Each structure stands twice: as C-alpha cells, then as structure tokens.
Amino acid sequence: MSAADQLLAQVRAQGAIPRHVAIIMDGNGRWARERMLPRPVGHRNGMKSVREVVEAAIEAGVEVLSLFAFSQENWQRPATEVSALMSLLEEYIQKEANELDQQGVRVIFLGDLDRLPARQRASVDGIMAQTTHNTKLVLNLFISYGARAELVRAARLIAEEVAAGRMSPAQVDEAAVTDRLFTAGCPDPDLLIRTSGEKRISNFLLWQLAYTELHISPVLWPDFGRAELYQAILDFQSRERRFGRVSA
Ligand code: FPP
C-alpha cells in the first residue's frame with residue numbers, strides 16, 4: 001500500500017468527507033524558480049497536479065472541487081505569462097475533456113468568461129456542454145474570477161430586479177445574494193486549501209467561505225498530489241465545526 005493509499009484508508013475510517021473542497025493553487029512560479037526554469041514550466045507541472053487531485057477527490061467521494069486557476073488580477077501579469085496560461089488552459093481542455101467526461105466529471109467554468117480570447121471561450125463552452133450531464137464530481141474552475149466583482153455583479157442583478165418592480169427591497173436577503181453568485185445552487189466549501197504556505201484568501205469566494213475550515217499547506221502546487229489532499233482532509237476531520245454556535 002502506498003503512503004497515499006494509507007492516508008485514504010485513514011480518511012475513510014475517520015468518516016465525514018467534506019462535500020465541497022476549494023483550493024487556491026499557489027506556488028507554480030516558485031517551483032519553477034527553484035529549478036531555474038521559466039514560470040510557465042511551473043504552470044505546466046501544476047496542470048499535472050490538477051489531474052491528480054481531481055482523481056483523488058473522486059476516490060475520496062468529494063462532491064464538488066473548486067480550483068482557483070486564474071484571477072482577475074492575473075490579467076496584469078506580463079503578456080507572455082498570460083498567453084502561456086491561456087495556451088495551457090486550451091491544452092488542458094483538449095487533453096482532458098474526454099477522460100473527465102468518462103470519469104463522470106461535470107466541468108463548470110466560473111468568472112468573467114467574456115474576457116477570454118475567442119479560442120479559449122469556445123473550448124470552455126465546449127467542455128461545459130460536453131460534461132453537463134455528469135454527476136460523479138462537479139469541477140468548478142475559476143477563471144478571470146474575483147470575489148468582489150462577483151458580489152458587485154450580484155448586487156447589480158438585484159438592483160435591476162428591484163428597479164423593474166419584480167422584487168421589493170424587503171425581499172433582498174442572504175438567499176437573494178447567494179442565488180445570484182456564480183456558485184448559485186452549489187453548497188458552500190467545507191474545506192479551503194491554500195498551497196505554498198501563504199495565509200491569504202486573495203479575493204476568492206469571499207461570501208461562500210464564511211464558515212469554511214482553512215488548511216494551509218507548505219507544499220508548492222506542482223508538488224501537491226493525492227497524499228497532500230488526503231492530509232488536508234484528515235486535518236479537516238479533526239476540526240469541530242460550530243457555525244457560530246456552542247458545542248453539542
Ligand atoms: C499560482 O502560482 C498559479 C496560477 C496563477 C495558475 C494556476 C494554473 C494551473 C495550476 C495550471 C492550469 C490549470 C488549469 C485547470 C487550466 P503562481 O504563479 O502565483 O506562483 P508563485 O506565487 O510562486 O509565483
């Protein structure tokens with residue numbers, strides 16, 4: 001039995017599997033720099049981790065996996081890096097679409113997709129349509145995403161409905177906001193993992209993370225795999241979640 005298999009057995013023995021795991025994949029650049037390689041090589045190796053973690057999540061019985069792949073702020077990186085990331089996105093979809101489909105993964109892209117170049121937009125729309133009926137795992141890929149912009153968008157949608165007389169101000173409650181986020185209909189994350197040791201939320205899922213357990217892993221994303229995911233779940237299982245209430 002490999003070390004990762006042993007950890008999975010432990011995860012299963014301990015019980016509660018988080019329904020929704022979200023990950024801020026960080027450290028690709030540092031991984032490359034440590035090896036004196038260009039940053040895009042780090043991103044390419046990060047793509048392998050995505051593959052491994054998706055498979056590991058399915059094995060563990062996670063229902064939703066949310067990955068922060070590209071933030072709104074990432075558009076401001078040097079043009080060469082942005083274009084390398086866009087090529088990688090396209091390559092990921094071409095290479096993985098059929099296998100993800102066979103594995104029963106429903107792929108959903110969330111964010112300001114209108115900013116994507118036409119090629120990438122077509123690929124993204126294609127894989128979402130291809131996998132829309134799958135139910136084994138929902139894979140949320142956040143691209144061109146920022147949580148504040150997501151909340152502003154929800155506020156604007158509500159304001160439009162109020163202005164049109166379809167909704168009254170008194171009907172604006174938490175559910176009204178939740179229903180207008182990109183993640184509408186999806187349970188909130190139970191566990192948020194951030195790799196590479198950084199202790200920040202970085203404008204990811206600000207609303208949805210209200211009661212989420214945080215796990216900071218020192219491992220750089222290209223080195224993050226099955227064993228690291230299971231370690232994070234074991235850490236999650238050791239927590240007592242109270243949602244602002246007292247212990248039972
Ligand atoms: C953070 O590392 C990572 C990113 C900004 C890109 C994430 C992309 C991938 C994992 C590959 C593509 C995946 C898909 C699903 C298409 P960083 O560059 O901020 O690292 P650093 O902080 O060490 O510089």
Side-chain angles (χ1 to χ4, degrees), residues 20-33 37-54 57 64-97 100 105-129 131 137-154 181-183 186 189 192-196 198 200-209 217 219-224:
H20 183 174
V21 176
I23 307 183
I24 301 178
M25 310 182 287
D26 196 10
N28 294 349
R30 274 161 284 169
W31 185 94
R33 197 173 58 217
L37 294 166
R39 293 175 57 85
V41 180
H43 296 315
R44 177 168 291 279
N45 280 274
M47 198 164 85
K48 290 187 196 154
S49 298
V50 170
R51 187 191 176 101
E52 191 172 325
V53 167
V54 166
V64 184
L65 179 66
S66 287
L67 302 180
F68 199 4
F70 191 86
S71 71
Q72 274 194 333
E73 293 73 29
N74 287 157
W75 288 114
Q76 284 147 36
R77 290 192 177 191
T80 49
E81 183 168 345
V82 170
S83 117
L85 279 164
M86 286 299 132
S87 304
L88 212 55
L89 169 64
E90 167 118 34
E91 190 182 319
Y92 174 77
I93 295 173
Q94 304 305 337
K95 269 197 191 159
E96 307 282 325
L100 287 166
V105 178
R106 178 177 183 189
V107 182
I108 301 178
F109 279 87
L110 308 88
D112 184 3
L113 304 183
D114 290 341
R115 283 185 77 176
L116 291 176
R119 258 183 102 92
Q120 278 72 18
R121 181 60 198 260
S123 300
V124 157
D125 288 343
I127 194 172
M128 287 202 283
T131 62
L137 174 80
V138 172
L139 176 60
N140 286 331
L141 293 173
F142 290 79
I143 296 266
S144 189
Y145 172 85
R148 287 185 175 179
E150 178 186 36
L151 285 164
V152 168
R153 177 178 168 274
L181 300 175
F182 294 125
T183 50
C186 182
L192 172 74
I193 301 169
R194 179 160 189 156
T195 62
S196 90
E198 304 291 350
R200 283 189 296 276
I201 300 291
S202 297
N203 202 16
F204 189 44
L205 300 177
L206 294 179
W207 177 276
Q208 299 89 332
L209 293 175
S217 166
V219 174
L220 303 178
W221 178 250
D223 292 326
F224 195 94

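Given the structure is predicted, the values throughout are model-derived calculations rather than measurements.
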> What pair of heavy atoms forms the shortest contact from G42 to A32, and how long is it?
N-CB, 3.8 Å
> Heavy-atom distance under 4.5 Å between the side chains of L151 and L181, does that happen here?
yes
> Roughly how far apart are L137 CG and L65 CG, rounded to 0.5 Å?
6.0 Å
> Quick one, N203 and I201 - any side-chain contact, counting heavy atoms below 4.5 Å?
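No, every pair of side-chain atoms sits at 4.5 Å or beyond.
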> Please test L89 against F109 for side chain to side chain contact (heavy atoms under 4.5 Å, CB included), starting from the C-alpha separation and ending with a verdict.
CA-CA 11 Å; L89 169 64; F109 279 87; 3.7 Å; yes
> To the closest 0.5 Å, what do you measure between CG (L67) and CE (M25)?
5.0 Å
> Ion pair present between R77 and E81, side-chain N to carboxylate O less than 4.0 angstrom?
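Here R77 pairs with E81 in a salt bridge, since their nearest N and O are under 4.0 Å apart.
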> Which is it for I108 and V138 under the side chain to side chain contact (heavy atoms under 4.5 Å, CB included) test, yes or no, and what are the steps along the way?
CA-CA 7 Å; I108 301 178; V138 172; 3.9 Å; yes
> Thinking salt bridges, do R153 and D112 make one under a 4.0 Å N-O criterion?
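Not counted as a salt bridge, because no side-chain N and carboxylate O are separated by less than 4.0 Å.
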> Do Q208 and E150 have side chains that get closer than 4.5 Å, going by heavy atoms?
yes
> Has the side chain of W31 got a donor or acceptor atom that lies under 3.5 Å from a matching backbone atom of P222?
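Between the backbone of P222 and the side chain of W31 there is no qualifying donor-acceptor contact (under 3.5 Å).
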> What pair of heavy atoms forms the shortest contact from L88 to R44, and how long is it?
CD2-N, 3.6 Å
> Looking at S71 and N74, would you say the former's side chain and the latter's main chain have a donor-acceptor pair under 3.5 Å?
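Confirmed, S71 side chain pairs with N74 backbone.
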> Is it true that the side chains of S144 and Q72 contain a donor and an acceptor less than 3.5 Å apart?
no
> Applying side chain to side chain contact (heavy atoms under 4.5 Å, CB included), name anything that partners A97, two or more places apart in sequence or on another chain.
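Partners of A97 under the side chain to side chain contact (heavy atoms under 4.5 Å, CB included) test: I127, Q130.
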> Stepwise, does the side chain to side chain contact (heavy atoms under 4.5 Å, CB included) test hold for V64 with V21?
CA-CA 6 Å; V64 184; V21 176; over 6 Å; no
> Kindly determine whether M128 and L113 satisfy side chain to side chain contact (heavy atoms under 4.5 Å, CB included), including the steps that lead there.
CA-CA 12 Å; M128 287 202 283; L113 304 183; 4.1 Å; yes
> Given side chains that start at C-beta, do those of I93 and V124 come closer than 4.5 Å, heavy atoms only?
yes
> Any non-hydrogen side-chain atom of S123 less than 4.5 Å from a side-chain atom of Q94?
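A side-chain contact exists here, since the closest heavy-atom pair is under 4.5 Å.
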> What heavy-atom pair brings G29 and R39 nearest, and what distance separates the two atoms?
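Answer, listing the atom of G29 first, then R39: CA-NH1, 3.5 Å.
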> Salt-bridged, E90 to K95, with N to O below 4.0 Å?
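No, this pair does not count.
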> Do side-chain atoms of S49 reach the backbone of W221 as a donor and acceptor pair under 3.5 angstrom?
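Pair found, side chain donor or acceptor close to backbone of W221.
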> At what distance, to the nearest 0.5 angstrom, does CH2 of W207 lie from CZ of R148?
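Rounded to the nearest 0.5 Å, the CH2-CZ separation comes to 15.0 Å.
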> Do the non-hydrogen side-chain atoms of I24 and T195 ever get within less than 4.5 Å of each other?
no
> Verify whether the ring centers belonging to F142 and F204 lie closer than 6.0 Å.
yes
> Could you walk me through whether Y145 and F68 satisfy the ring pair (Phe, Tyr, Trp, His ring centres under 6.0 Å) test, starting with their C-alpha distance in whole Å, then the side-chain angles of each, then the deciding distance to 0.1 Å, before giving a yes or no?
CA-CA 8 Å; Y145 172 85; F68 199 4; 5.8 Å; yes
> Please report the shortest heavy-atom distance between Q120 and S87, naming the atom on each side.
NE2-N, 4.1 Å
> Kindly indicate whether the side chain of L209, heavy atoms from C-beta on, has any atom under 4.5 Å from the side chain of P189.
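Result yes, sub-4.5 Å side-chain heavy-atom pair found.
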> If we ignore angles and hydrogens, is there a donor and acceptor under 3.5 Å between the side chains of R194 and S217?
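Note: R194 and S217 side chains miss the donor-acceptor criterion.
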> Got a second to check how far N140's CG is from R106's CZ, nearest 0.5 Å?
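Answer rounded to 0.5 Å: 9.0 Å.
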> Who are the salt bridge (charged side-chain N to carboxylate O under 4.0 Å, His left out) partners of R115, not counting sequence neighbours?
none
> Taking side chain as C-beta onward, heavy atoms only, is I143 less than 4.5 Å from L110?
no
